[in-house]
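Chain letters run A, B, ... following the sequence lines, proteins first, then strands; residues in each count from 1.
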Amino acid sequence: MRFNRRGVFMRYSQLLIPTLKEDPAEAEVVSHKLMMRAGMIRKLAAGIYTYLPLGYRVIRKVEQIIREEMNRAGAQEVLMPAVQPASLWKESGRWDHYGRELLRVRDRKDTEFCIGPTHEEVVTDLVRMNVRSYRELPLNLYQIQTKFRDEIRPRFGLMRGREFIMKDAYSFDRDEAGVDESYRKMFDAYCRIFERCGLEFRAVEADTGTIGGNFSHEFMVMAETGEDAVACCDSCSYAANTERAGIRKEPAAASGKAGTLEEVRTPGKKSVEEVSAFLNVGPEKLIKTLIVMDGEGHAAVGLVRGDHELNEIKLKNRLGWETITLADEETVQKVTGGPSGFSGPVGLTGVPVIADHGILSVTEGVTGANRADLHLVNVRVNRDFTPDAFDDIRIAREGDGCPRCSGRLKISRGIEVGHIFKLGTKYSESMGATFLDEDGKSRPMIMGCYGIGVGRTAAAAIEQNHDPDGICWPVPIAPFSALILPLSAKSKEVVDLAEKFYGALREKGIDVLLDDRNERPGFKFKDADLIGIPCRIVIGDRGLKEGVVEIKERRTGEMTRVAVEEAVPKVLSLISG
RNA sequence: CGGGGCGUAGCGCAGUCUGGUUAGCGCACCUGCCUUGGGAGCAGGGGGUCGGAGGUUCAAAUCCUCUCGCCCCGACCA
């Protein structure tokens with residue numbers, strides 16, 4: 001508790017807190033609904049929001065925690081431009097690779113710019129211009145700033161906006177040992193940050209995506225509504241995004257008898273479900289044959305069991321491609337000679353065929369025949385076809401084997417609030433961010449980058465901390481720590497005491513909100529529950545007659561009646577407890 | 001970008017199929033009275049280019065064409 005500063009204090013009657021009685025039609029998830037209903041945010045356009053006083057106070061609290069922990073970890077705060085010249089992005093190569101998510105604009109001289117979705121280019125430029133010697137490393141620069149990504153589908157309010165506030169940090173080191181240390185410091189700082197925000201989270205291994213690099217962790221706030229699936233081992237500490245989660249190779253099932261390869265007619269039956277139902281065999285007997293392509297005209301084939309799902313990221317990484325999509329009809333025709341829905345590995349040539357380990361358990365399989373309306377039955381791996389390679393290319397499912405131990409994976413959902421990467425030299429090399437080492441040799445700096453979605457963190461906190469009446473803010477990120485609720489705006493005794501508490505709490509450094517509106521009690525109670533201030537002091541004539549006020553904890557609903565003079569100490573202990 | 005849906009008062013919606021009073025309801029808002037321990041009551045009131053443009057018609061929120069915005073599913077995504 002910071003007693004060296006005065007708390008912020010505000011009167012409800014003077015704040016813009018437009019609460020709503022009903023859920024807005026557009027809101028799908030609870031954090032979005034409650035942020036709208038509590039008057040924290042309002043939408044200006046798809047994925048673009050205004051932060052109202054209450055919402056902005058939460059944002060600022062989260063930011064402050066982030067600042068304190070980043071500074072503690074030795075990072076330095078800067079602020080980089082939101083508008084960035086295309087030339088920098090062309091240097092790094094991302095102008096062409098980032099895609100439509102990058103909002104591109106032209107200035108009056110027709111020079112191209114973008115609205116920064118991230119700042120690797122800018123920070124790398126800054127450092128290459130100003131840092132020359134190993135003596136100046138390591139260096140970690142961070143900023144808290146508004147970014148813009150033209151998401152294909154913004155949704156869920158602040159959870160997935162196009163414009164959003166992000167803390168991004170970039171580390172520069174001399175060598176691998178240095179970047180390991182920088183990464184570790186950020187990992188620890190992130191744990192502290194999310195702990196301080198009062199969130200239940202997990203750090204999980206993650207794919208690095210288009211930002212590149214070779215190592216990364218995501219910080220996931222566990223919540224049903226999370227957009228990411230996380231696989232956690234039930235017996236060791238292994239945890240990973242299912243985009244990345246490895247799957248232990250299971251011993252292949254005992255090879256049963258295999259009949260002879262046969263063609264069967266399967267008119268119009270394309271999907272696993274259709275074929276499985278039509279031939280009356282379980283989906284685990286099917287071998288799904290997925291034709292994929294990249295943006296440069298390459299094609300490849302992935303094989304997974306019918307009851308498994310292809311993990312495109314794993315396959316993309318296995319193939320060493322930049323991008324991956326399921327092939328269009330034309331490519332499928334070219335690769336297999338047949339229409340999509342009837343592809344199979346038997347007789348396929350001219351493309352790399354990567355098989356998931358899982359298909360080894362298929363002894364009498366069903367696959368497409370690469371001709372319309374025909375499938376093959378009694379297909380056997382390594383007899384009727386031989387993949388070019390076996391690998392782990394499917395999405396982890398509940399119950400799959402942990403890749404690290406003999407445990408099993410459990411799948412749960414999470415909200416990605418932070419992501420840390422070891423970038424390596426991807427940007428320093430392409431953009432020439434080098435330094436002179438002790439022996440006078442020029443070497444590229446080794447980079448790391450570290451992001452936290454500020455608004456998303458606030459939203460995630462609501463997903464984890466709410467009840468049917470509204471938000472239950474954790475104290476550290478609550479817009480106010482205490483709410484004073486005088487039941488009457490007319491009783492002088494009540495009003496005077498409310499004012500007295502208001503001043504006293506502020507002196508103690510508590511952020512306190514006084515509901516001085518001349519409204520009926522029920523009305524104020526409902527708003528109080530909705531906006532979720534952790535600690536509420538209710539002052540009414542009835543209690544005052546006995547010299548007591550009520551103190552109620554929002555989260556537990558626990559109410560204590562205390563003597564007037566004990567109210568402030570009680571609030572302090574609740575808030576710091 | 002594919003599929004589906006929605007744009008009517010600040011919010012939530014009815015009316016559209018089957019064209020035809022002055023476009024309605026609940027909440028919110030304003031005024032007055034009343035009320036004050038869980039979103040009170042009564043009375044009065046303000047607020048709408050029915051997303052926009054064009055068309056059909058004696059007549060369009062309603063039918064047709066185009067367009068813009070938004071939402072959901074999918075693909076996509078530090």
Side-chain angles (χ1 to χ4, degrees), chain A residues 16 18-29 32-33 36-37 39 42-48 94 97-102 116-121 147 149-157 159-162 164 166-170 206-213 216-219 227-228 241 243 292 295 312-313 316 323-326 328 416-423 426-427 448-453 456 469-470 485-491 494 517-530 536 538-545 549-550 552 557 559 561:
Chain A
L16 180 63
T19 56
L20 304 172
K21 201 177 284 190
E22 291 169 281
D23 286 334
E26 67 188 37
E28 188 81 354
V29 297
H32 187 193
K33 288 178 182 169
M36 292 291 295
R37 287 192 52 205
R42 285 294 181 265
K43 186 174 71 177
L44 182 65
I48 302 178
R94 285 206 292 183
H97 283 110
Y98 212 91
R100 291 121 332 260
E101 204 179 316
L102 185 64
T118 177
H119 282 68
E120 282 80 13
E121 281 78 3
K147 303 209 185 305
R149 289 180 197 172
D150 201 354
E151 293 275 353
I152 292 169
R153 191 145 94 81
R155 59 187 132 171
F156 304 154
M159 201 87 92
R160 193 174 196 71
R162 295 146 93 199
F164 57 99
M166 179 171 208
K167 187 285 302 180
D168 49 327
Y170 306 89
D207 185 72
T208 51
T210 59
I211 200 158
S216 107
H217 283 91
E218 286 170 338
F219 287 76
E227 291 188 88
D228 290 281
N241 193 308
E243 288 179 346
V292 295
E312 291 183 19
I313 291 170
K316 182 188 81 171
T323 61
I324 192 167
T325 52
L326 285 179
D328 50 32
E416 179 194 351
V417 290
H419 202 157
I420 61 179
F421 301 81
K422 278 188 208 171
L423 284 178
K426 172 170 170 155
Y427 297 94
C449 80
Y450 317 93
I452 293 179
R456 192 184 278 189
D469 292 318
L485 197 157
L487 287 172
S488 163
K490 296 203 172 126
S491 159
V494 167
R517 296 173 300 170
N518 182 18
E519 296 287 354
R520 300 168 62 83
F523 196 90
K524 291 183 170 185
F525 285 137
K526 287 291 184 189
D527 272 343
D529 288 340
L530 186 56
R536 180 195 309 174
V538 177
I539 306 165
D541 279 318
R542 200 183 290 176
L544 282 193
K545 284 198 186 104
V549 296
E550 288 163 19
K552 189 168 179 183
M559 192 265 280
R561 289 157 64 84

Give a yes/no on whether any side-chain N or O of A/Lys524 is located under 4.0 angstrom from OP1 or OP2 of B/U36.
no

Give me the distance, rounded to whole Å, that separates B/U16 from B/G55 when you measure between the P atoms they each carry.
26 Å

Taking atom types as they are modelled, would you say the side chain of A/Glu519 forms a donor-acceptor pair with the base of B/G39 within the 3.5 Å cutoff?
no

As a quick check of understanding, evaluate side chain to side chain contact (heavy atoms under 4.5 Å, CB included) for A/Leu544 and A/Val494, giving each step before the final call.
CA-CA 8 Å; A/Leu544 282 193; A/Val494 167; 4.0 Å; yes

Given 3.5 Å as the limit, does a donor-acceptor pair link the side chain of A/Arg162 with the main chain of A/Asp150, or not?
no

Using centres under 5.5 Å plus planes under 30 degrees as the test, is A/Phe523 stacked with B/G39?
no

Ignoring backbone atoms, test whether A/Arg520 places a side-chain nitrogen or oxygen under 4.0 Å from the OP1 or OP2 oxygen of B/G37.
no

Identify which nucleotide among B/C72, B/U36, B/C71 has an atom closest to any side-chain atom of A/Arg155, counting heavy atoms from C-beta outward.
B/C72

Strictly distance-based, threshold 3.5 Å: is any side-chain N or O of A/Lys524 a donor or acceptor partner for the main-chain N or O of A/Arg517?
yes

Distance in angstrom units between A/Arg42 CZ and B/C70 P, rounded
17 Å

Where each residue is assigned the nucleotide of RNA chain B containing its nearest heavy atom, which of A/Asp527 and A/Glu28 is assigned the position nearer the 5′ end?
A/Asp527

Ignoring backbone atoms, test whether A/Arg153 places a side-chain nitrogen or oxygen under 4.0 Å from the OP1 or OP2 oxygen of B/C1.
no

Whole-Å distance, A/Arg542 CZ to B/G38 C1', equals 12 Å

The side chain of A/Glu26 is closest to which nucleotide in this list: B/C1, B/U36, B/C71?
B/C71

Looking at the side chain of A/Val538, which of B/C76, B/U36, B/G37 is the nearest nucleotide?
B/G37

Provide the distance between the two C1' atoms, one in B/G4 and one in B/C64, to the nearest whole Å.
22 Å

Closest nucleotide of RNA chain B for A/Gly451 versus for A/Asp469: which of these residues is on the 5' side?
A/Asp469

Report all interatomic pairs (protein N or O, nucleotide N or O of nucleotides 44-47 of chain B) with separations under 3.5 Å.
none

Looking at A/Lys552 and B/G38, is any side-chain donor or acceptor paired with a base atom of the opposite kind under 3.5 Å?
yes

Pairing partner of B/C29, by Watson-Crick or G-U wobble and under 3.5 Å for both distances, is B/G45

Please report the distance separating the P of B/G69 from the corresponding atom of B/A60, rounded so that it comes out in whole Å.
28 Å

Donor-acceptor under 3.5 Å (A/Lys167 side chain, A/Tyr450 main chain):
yes

Taking the P atom of each, how far is B/G32 from B/C70, in whole Å?
41 Å

Quote, to the nearest angstrom, the P distance that separates B/C72 from B/G26.
30 Å

Tell me: CZ of A/Arg100 to P of B/C1, nearest whole Å?
10 Å

Does the pair A/Arg155/A/Glu227 count as a salt bridge with the N-to-O cut at 4.0 Å?
yes

In whole Å, I'd like the distance from the CD1 atom of A/Ile313 to the C1' atom of B/C76.
11 Å

Side chain of A/Lys43, heavy atoms from C-beta onward: which of B/C70, B/C73, B/G39 has the nearest atom to it?
B/C70

Tell me: CG of A/Asp23 to C1' of B/C71, nearest whole Å?
15 Å

Determine the interatomic distance between P on B/C17 and the same-named atom on B/G7; round to the nearest Å.
14 Å

Which nucleotide in the list B/U36, B/G38, B/G39 gets nearest to the side chain of A/Asp529?
B/G38

Gap in Å between the two C1' atoms, one belonging to B/U56 and one to B/G19, rounded:
11 Å

Distance between P atoms of B/A23 and B/G52 (Å, rounded):
16 Å

Rounded interatomic separation in angstrom, taking NZ from A/Lys21 and P from B/G10
18 Å

